[in-house]
Amino acid sequence: MTGFAQARLAALLLPSALMLGALGSQFIGGLFPCEMCHWQRWPHEAAIALALFAFPLGDKRSGRIVLALAIVAILISGAIGVFHAGVEYHWWQGITRCSAPPSGGSEGDLLAQIMATPMIQCDVPQWTLFGISLAGFNAIFSILGGLGAIALWKRKP
């Protein structure tokens, strides 16, 4: 397998694994994502789509461009994770609104949605391991994984 093929596979598997972990912590573990958690998911979703799109394109110029965009998306998620972790550790000020807005409906439906929505603060980690929050782990895995994909791509056979 060429370095390009390995990088393309890494660019698909890494964000897929991180998204599975995020969704598992949400739907199985009961950890509700804050607004900044969602921000970290969007680049991973884009990276998955881009990496899938890169497979049929192969090692042509268009395939290399799409893979590069997937890797950039992974690194962007890592950068957002660094920012979010910094907010959690109170290294810098975060955003002021960290919950999803109501989606609409009648007045009764809106009130029910507001009352049922948990208040998730972006500056309070819901879970940590060795003092590292989920945002911190996303930052570590995304940045190291993105750099690893670049290293695989540049590797000589």
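Keep in mind that what you see is a predicted model, and the values were worked out from it rather than measured.
In this structure, CG on Leu75 lies 11.5 Å from CD1 on Ile80, to the nearest 0.5 angstrom.
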Exercise answer: donor-acceptor pairs, residues 6-22 side-chain atoms, under 3.5 Å, sequence neighbours excluded:
{"residue": "Gln6", "atom": "OE1", "partner": "Arg155", "partner atom": "NH2", "Å": "2.5"}
{"residue": "Ser16", "atom": "OG", "partner": "Leu12", "partner atom": "O", "Å": "2.6"}

Name every donor-acceptor pair, under 3.5 Å, that has one atom in a side chain of residues 43-62 and the other anywhere in the protein, sequence neighbours excluded.
{"residue": "His44", "atom": "NE2", "partner": "Ser77", "partner atom": "OG", "Å": "2.9"}
{"residue": "His44", "atom": "NE2", "partner": "Asn138", "partner atom": "OD1", "Å": "2.9"}
{"residue": "His44", "atom": "NE2", "partner": "Ser142", "partner atom": "OG", "Å": "3.2"}

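Under the salt bridge (Lys or Arg N to Asp or Glu O under 4.0 Å) criterion, no residue pair touches residues 74-83, with sequence neighbours excluded.
Using a distance-only test at 3.5 Å, with no hydrogens or angles considered, no donor-acceptor pair links the side chain of Gln26 to the main chain of Pro33.
Taken together through direct or relayed side-chain contacts under 4.5 Å among Ile, Leu, Val, Met, Phe, Trp and Tyr, Phe141 and Ile76 form part of one hydrophobic cluster. Under a hydrophobic clustering in which Ile, Leu, Val, Met, Phe, Trp and Tyr are joined whenever their side-chain heavy atoms come within less than 4.5 Å, directly or via other members, Trp91 and Phe83 fall into the same cluster. Both Trp42 and Val87 sit in one connected hydrophobic cluster of ILVMFWY residues. Membership requires side-chain heavy atoms under 4.5 Å apart, directly or through other members. Side-chain heavy atoms closer than 4.5 Å link hydrophobic residues (I, L, V, M, F, W, Y) into clusters, and following such links, even through other members, never connects Met36 to Val124. Linking ILVMFWY side-chain heavy atoms closer than 4.5 Å, directly or via other members, places Leu147 and Trp153 in a single hydrophobic cluster.
Applying the side chain to side chain contact (heavy atoms under 4.5 Å, CB included) criterion to Leu129, with sequence neighbours excluded, gives Trp127, Phe137. Scanning for side-chain hydrogen bond (donor to acceptor under 3.5 Å, both in side chains) contacts around Arg64 gives an empty result, with sequence neighbours left out. Under the side-chain hydrogen bond (donor to acceptor under 3.5 Å, both in side chains) criterion, Ser133 pairs with Glu88, not counting sequence neighbours.
What you find for Ser25 and Leu134 is that their closest heavy atoms are OG-CD1, 4.3 Å. The minimum heavy-atom distance linking Ala135 with Gln40 is given by the pair CA-OE1, 3.7 Å. Residues Gln126 and Leu31 come closest through the heavy atom pair OE1-CA, 3.5 Å. Of all heavy-atom pairs spanning Tyr89 and Ile132, the tightest one is OH-CA, 3.3 Å.
Other cluster members for Ile28: none, since no ILVMFWY side-chain heavy atom sits under 4.5 Å from it.
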